[in-house]
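Step one of this worksheet: look at the structure below.
Residues: numbered from 1 along the sequence shown.
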Amino acid sequence: MGSSQAAGLSVVVLGGTGSLGRRVGEVFDAEGARVLTVSRAPATEVPGGRHIRLDLTREPSARLAGVLAGAGADVVVNAAGLAWGGAEEDLAAANAGLVRGLVEAVAVLERRPRLIQLGTVHEYGPAAPGTAITEGLPCAPRSAYGRTKLLGAEAVLRAARAGAVDGTVLRIANVHGPGAPRASLLGRVAHHLAEVARRGPGEAALRLAPLDARRDFVDIRDVGQAVLAAATAPRPSATGAWIVNIGSGRAAPVRELVERMIALSGLDVPLVEEDRARPESLPESRPGAPGGADWQLMDISAARRLLGWRPRYRADRSLRDQLVAAGLPPDRVSRTVRAGGGRVRSVGKGRAER
């Protein structure tokens, strides 16, 4: 379906002040939709200019139902949730409890909107190296993040298949590009390089856990377009698009991505891989960690077939734009690209450069 169908739609984006939520709101706003963002964080500048501050983990579903009814919502996108820095009960409240309340709120509306749940590749759990992850793969997540996101997805899927909501789940690969989460692996790399560029010579080593994994990464701008496509596609009940993978369809070597980002920065920053690097709650930030997945390659053929969507941004463009968004001077990145990239001093696991 054409994206012009979004013009005039009332779109409510939950978690609209976060990285993904903001991008989704911008996409719909650019298409002429009327966008309302909802989040527990205050906001001064949001896509569409309309925002409601609401902690969806604490408010009853009736309160959210009132917000959706008042907005005359045609589409509801759930980009809310918690990935980093929380105990499992916090993750459960944000990634599962919140979604159950959302499903209840949507189900009681007289005029039911399209509900799009932004899920994650981490709901699947580990996959065998060399295989593509299809939507039919049985889910066996090992991390608290993956487990709680799966519970939220299952709440949407149960209600959608029962006819209680018009809903679909987009399972999204690891995200990079401008505006991608700062706490993610490549977000941390980009901001470290931007800080080194600002402060000048000094202790500049980039210390990370071992980067042996191969992961599927997708540009955050492509994710925004995928959500737009899902919002204007035929009903999932007619197409079977209950779950749709959104990724690049490529298992990228994580070390190569990090080294390429350093090279594009033009900075002399040694890369140090060490087992004692700070662990993260989300496996994407610590490749090879227990509960993570050393291999991720998403089969995105369903997205092409059912949504008419495919990724458009190449990894190099995503990395360059992410560096600039993090604060690296654009002219510096452009000069480095024209020169063919810089060099990277890579140090073995657990060994600092002398």
(message) Would you say that Y124 contacts M298 through its side chain, given a criterion of any heavy-atom pair below 4.5 Å between the two side chains?
(response) yes

(request) Could you grab the distance from atom NE2 of H176 to atom CD1 of I220, nearest 0.5 Å is fine? (result) 11.0 Å

(message) Do the side chains of R207 and E274 get close enough for a salt bridge, i.e. N-O under 4.0 angstrom?
(response) yes

(message) Would the distance check show the side chain of R111 and the main-chain N or O of G72 forming a donor-acceptor pair, the cut-off being under 3.5 Å?
(response) yes

(message) Side chains of R250 and P311, heavy atoms from C-beta outward: is any pair under 4.5 Å?
(response) no

(request) Looking only at non-hydrogen atoms, find the nearest pair between A33 and V11 and report the distance. (result) CB-CG2, 3.9 Å

(request) Spell out, as yes or no, whether a donor-acceptor pair under 3.5 Å connects the side chain of R214 to the backbone of P129. (result) no

(message) Between L151 and I172, is there shared hydrophobic-cluster membership here, with clusters defined by ILVMFWY side-chain heavy atoms closer than 4.5 Å?
(response) no

(message) Is it the case that the side chain of S19 and the backbone of G179 share a donor-acceptor pair, with hydrogens and angles ignored and the cut-off at 3.5 Å?
(response) yes

(message) Return the CZ to CG distance between R22 and D29, rounded to the nearest 0.5 Å.
(response) 11.5 Å

(message) For L102, is there any backbone N or O sitting under 3.5 Å from a side-chain donor or acceptor partner on S61?
(response) no

(message) Between V67 and L36, does the side-chain contact (heavy atoms from CB on, under 4.5 Å) criterion hold? Intermediate values first, please.
(response) CA-CA 10 Å; V67 170; L36 170 67; 4.1 Å; yes

(message) Pair M261, V258 - check side-chain contact (heavy atoms from CB on, under 4.5 Å), show working.
(response) CA-CA 5 Å; M261 186 173 270; V258 172; 5.8 Å; no

(message) Do Q225 and V27 have side chains that approach each other closer than 4.5 Å (heavy atoms only, starting at C-beta)?
(response) yes

(request) Step through the shown structure and confirm whether more than 12 heavy atoms of other residues, nucleotides or ligands are within 6.0 Å of CZ on R198. (result) yes

(message) For the residue pair N78 / Q117, report whether a side-chain donor-acceptor contact shorter than 3.5 Å exists.
(response) yes

(request) Tell me, with the steps shown, if D74 and S10 meet side chain to side chain donor-acceptor pair (under 3.5 Å). (result) CA-CA 5 Å; D74 297 300; S10 173; 4.9 Å; no

(message) Please determine whether residues V103 and L109 belong to a single hydrophobic cluster, defined as Ile, Leu, Val, Met, Phe, Trp and Tyr linked transitively by side-chain heavy-atom distances below 4.5 Å.
(response) yes

(request) May I have the step-by-step check of side-chain contact (heavy atoms from CB on, under 4.5 Å) for W242 and V156, ending in yes or no? (result) CA-CA 9 Å; W242 307 111; V156 173; over 6 Å; no

(message) Do I116 and V24 make a side-chain contact, defined as non-hydrogen atoms from C-beta onward lying under 4.5 Å apart?
(response) no

(request) Working to the nearest 0.5 Å, report the span between OH of Y145 and CG of L91. (result) 9.0 Å

(message) Would you say that L257 contacts V189 through its side chain, given a criterion of any heavy-atom pair below 4.5 Å between the two side chains?
(response) no

(message) Would the distance check show the side chain of S248 and the main-chain N or O of F217 forming a donor-acceptor pair, the cut-off being under 3.5 Å?
(response) yes

(request) Indicate, with yes or no, if L150 and L137 share a hydrophobic cluster defined by side-chain heavy-atom contacts under 4.5 Å among Ile, Leu, Val, Met, Phe, Trp and Tyr. (result) no

(request) Indicate the atoms forming the closest heavy-atom contact of D222 with Y313, along with that distance. (result) OD2-N, 3.1 Å

(request) List the steps, then state whether salt bridge (Lys or Arg N to Asp or Glu O under 4.0 Å) holds for R221 with D321. (result) CA-CA 11 Å; R221 293 165 290 193; D321 292 349; 2.8 Å; yes

(message) Could you tell me if the side chain of P210 sits less than 4.5 Å from the side chain of E273, heavy atoms only?
(response) yes

(request) First locate atom CG of N245, then atom CZ of R304, and finally report the distance between them rounded to the nearest 0.5 Å. (result) 11.5 Å

(message) Treating K149 as the side-chain partner and L82 as the backbone partner, does any N or O pair qualify as donor plus acceptor under 3.5 Å?
(response) no

(message) With heavy-atom distances below 4.5 Å as the criterion, would you say the side chains of S39 and H51 are in contact?
(response) yes

(message) Between D166 and R112, does any NZ, NE, NH1 or NH2 come within less than 4.0 Å of an OD or OE carboxylate oxygen?
(response) no

(request) Please report the shortest heavy-atom distance between V35 and P47, naming the atom on each side. (result) CG1-O, 3.6 Å

(request) Walk me through it: do V46 and V13 pass the test side-chain contact (heavy atoms from CB on, under 4.5 Å)? (result) CA-CA 11 Å; V46 291; V13 183; over 6 Å; no

(message) Is it the case that over 12 heavy atoms from other parts of the model lie below 6.0 angstrom from the CZ atom of R314?
(response) no

(message) Between H122 and R142, is there a side-chain heavy-atom distance shorter than 4.5 Å?
(response) no

(message) My understanding is that only one of L306, V165, T168, I243 makes a side-chain contact (heavy atoms from CB on, under 4.5 Å) with P236; could you say which?
(response) T168

(message) Under the side-chain contact (heavy atoms from CB on, under 4.5 Å) test against L328, which residue among V333, V196, L264 passes?
(response) V333

(message) How close do D219 and P178 get, counting heavy atoms only, and between which atoms?
(response) OD2-CD, 4.2 Å

(request) Considering non-hydrogen atoms only, spot the tightest contact between G247 and I300 and give its length. (result) N-CG2, 3.5 Å

(message) Measuring from atom CG of L98 to atom CG of L56, what distance do you get when rounded to the nearest 0.5 angstrom?
(response) 5.0 Å

(request) Give the minimum heavy-atom separation between A180 and Q322, together with the two atoms involved. (result) CB-NE2, 4.0 Å

(message) Atom CZ of residue position R40 - does it have more than 12 heavy atoms of other residues, nucleotides or ligands inside 6.0 Å?
(response) no

(request) Could you tell me whether the side chain of T37 and the main chain of R50 form a donor-acceptor pair under 3.5 Å? (result) yes

(request) Would you give the length of the straight line joining atom CD of E195 to atom NE2 of H192, rounded to the nearest 0.5 angstrom? (result) 9.0 Å

